[in-house]
There are 2 protein chains.
Amino acid sequence: MMQSKINQFVQDCKDKGLNVTFQRMAIYKRLLNRLDHPTAEDLYQEVIKEYPMISRATVYKNLETLFEHNLIAKVTHLHDAARYDGKQEHHHHLVCVRCKAIFDIQSERLDNLQLPNEIDPTFKVYDYRIQFDGLCQKCQS
Amino acid sequence: MMQSKINQFVQDCKDKGLNVTFQRMAIYKRLLNRLDHPTAEDLYQEVIKEYPMISRATVYKNLETLFEHNLIAKVTHLHDAARYDGKQEHHHHLVCVRCKAIFDIQSERLDNLQLPNEIDPTFKVYDYRIQFDGLCQKCQS
DNA sequence: TTGGATGCAAATACTTTGCACACGG
DNA sequence: CCGTGTGCAAAGTATTTGCATCCAA
């Protein structure tokens, strides 16, 4: 199963014109092994244990490259800076993944979702928010 | 309408033992005026136009304080660093707002939500993700 | 009066960049 | 061989912190 993902990855890289380097493989394999959602620094710390000669910049650059080519995902597109909101009403967000603009959506239907029973009962959910990712009109060109 | 929010804010501060300072009012008022979701730096740049003597640290500290007391909201709890994910399957996230741990949820029902028609049709949505905010077992104490 | 708030500057955390060199295809 | 990738160090951006002083209640 792991092996098939690796093979797929190598093929995907080739298809997208990305060189299959030693470093790239090491980073990707580490990311696959992690079930949480590590930061670039986390992964750097992992990889460096095995390959002490790797550069931090290589890890950062690779993660961004792989993300841009849709080979891995980013949990949030809004990590660059904290964003604050004075609005008290419950609402959801439309996020332009290119320019990072955020638009509000109010929708009674979306506010009343039934929580899925897949959620671990020991986790206390007190709210939820839906983030729609896409492109605003300006960024569609 | 604006005035009533200000009055409410003053009352809330008193209730929570927060001093009502000149700086705090200026920051909060600016945030209320903005319909987008500004960063601390954005707000600092706004406030400083009117009150050139205010300190950047005061703006940052106030936003965090107000957030901790639930007087304003933060669009994301995961802004500290980019988080990557090797998993290809579509899924949603359970986020512990205290320790920032992220747990995955897979749910067919949640994957097939009907998009609300409140969404501006010029915005191209290509995906959505639900983030459930709460506290993990460890952080509930 | 007193605990919380402010201001400043320094420190820290995360990330990007420029450039010379190395390497995969 | 060519274009992409790597490594290093420096720079950039976002944020926090320590501490002396100040001020709202």
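Lettering follows sequence order; numbering is per chain, from 1. The analysis underlying the following values was restricted to heavy atoms, covering all of them including side chains, and did not include hydrogens, waters or symmetry mates.
Checked against C:dC8, C:dA5, C:dT15, the side chain of A:A40 finds its nearest nucleotide in C:dT15.
In this structure a side-chain-to-backbone donor-acceptor pair under 3.5 Å is present from A:D85 to A:K87.
The OH atom of B:Y60 sits 16 Å away from the P atom of C:dC8 (whole-angstrom rounding). Atom-to-atom, CD1 of B:I48 to P of C:dG7 comes out at 10 Å; the value is rounded to the nearest Å. Straight-line distance from the CD1 atom of A:I54 to the C1' atom of D:dG5: 11 Å, rounded to whole Å. Separating the CZ atom of A:R56 from the P atom of D:dA11 is a distance of 17 Å, rounded to the nearest angstrom. One atom, CG of A:L63, and another, P of C:dC14, lie 14 Å apart when rounded to the nearest Å. A:D42 has its CG atom 14 Å from the C1' atom of C:dT15, to the nearest Å. A straight line from OH of B:Y44 to P of D:dT13 spans 15 Å, rounded to a whole angstrom. Look at NZ on B:K74: it is 15 Å from P on D:dA14, rounded to the nearest Å.
For D:dT6, the OP1/OP2 oxygens have a side-chain nitrogen or oxygen of A:N62 closer than 4.0 Å. Applying the 4.0 Å criterion to OP1 and OP2 of D:dC23, one finds that B:Q23 has every side-chain N and O outside that range.
Note: B:F123 and A:F103 have perpendicular aromatic rings, judged against thresholds of 30 and 60 degrees for the angle between ring planes. Between B:F132 and A:Y128, the ring-plane angle classifies as tilted under the 30° and 60° cut-offs.
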For A:H77 and A:H79, what are the C-alpha separation, side-chain angles and deciding distance, and is it a ring-ring contact (aromatic ring centres under 6.0 Å, His included)? CA-CA 6 Å; A:H77 298 281; A:H79 60 286; 8.4 Å; no
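Salt bridge annotation for B:R129-B:D127: present, with a cationic side-chain nitrogen under 4.0 angstrom from a carboxylate oxygen.
Taking NE2 from A:H90 and CG from A:N112, the interatomic distance works out to 9.5 Å, rounded to the nearest 0.5 Å. In this structure, CG in A:N62 is found 4.5 Å from CZ in A:R24, a value given to the nearest 0.5 Å.
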Shorter than 3.5 Å, N or O on both sides, protein versus nucleotides 17-25 of chain C: list them out with atom names.
from, atom 1, to, atom 2, distance (Å)
C:dG18, O6, A:K61, NZ, 3.1
C:dG25, OP1, A:V20, N, 3.3

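Inspection of the B:E46 and B:Y51 side chains reveals no N or O donor paired with an N or O acceptor under 3.5 Å.
Within 6.0 Å of atom CZ in B:R109, more than 12 heavy atoms from other residues, nucleotides or ligands are found, so the atom counts as buried in its surroundings.
Of the residues in residues 79-88 of chain A, those placing a heavy atom less than 4.0 Å from an atom of DNA chain D are A:D80, A:A81, A:A82, in numerical order.
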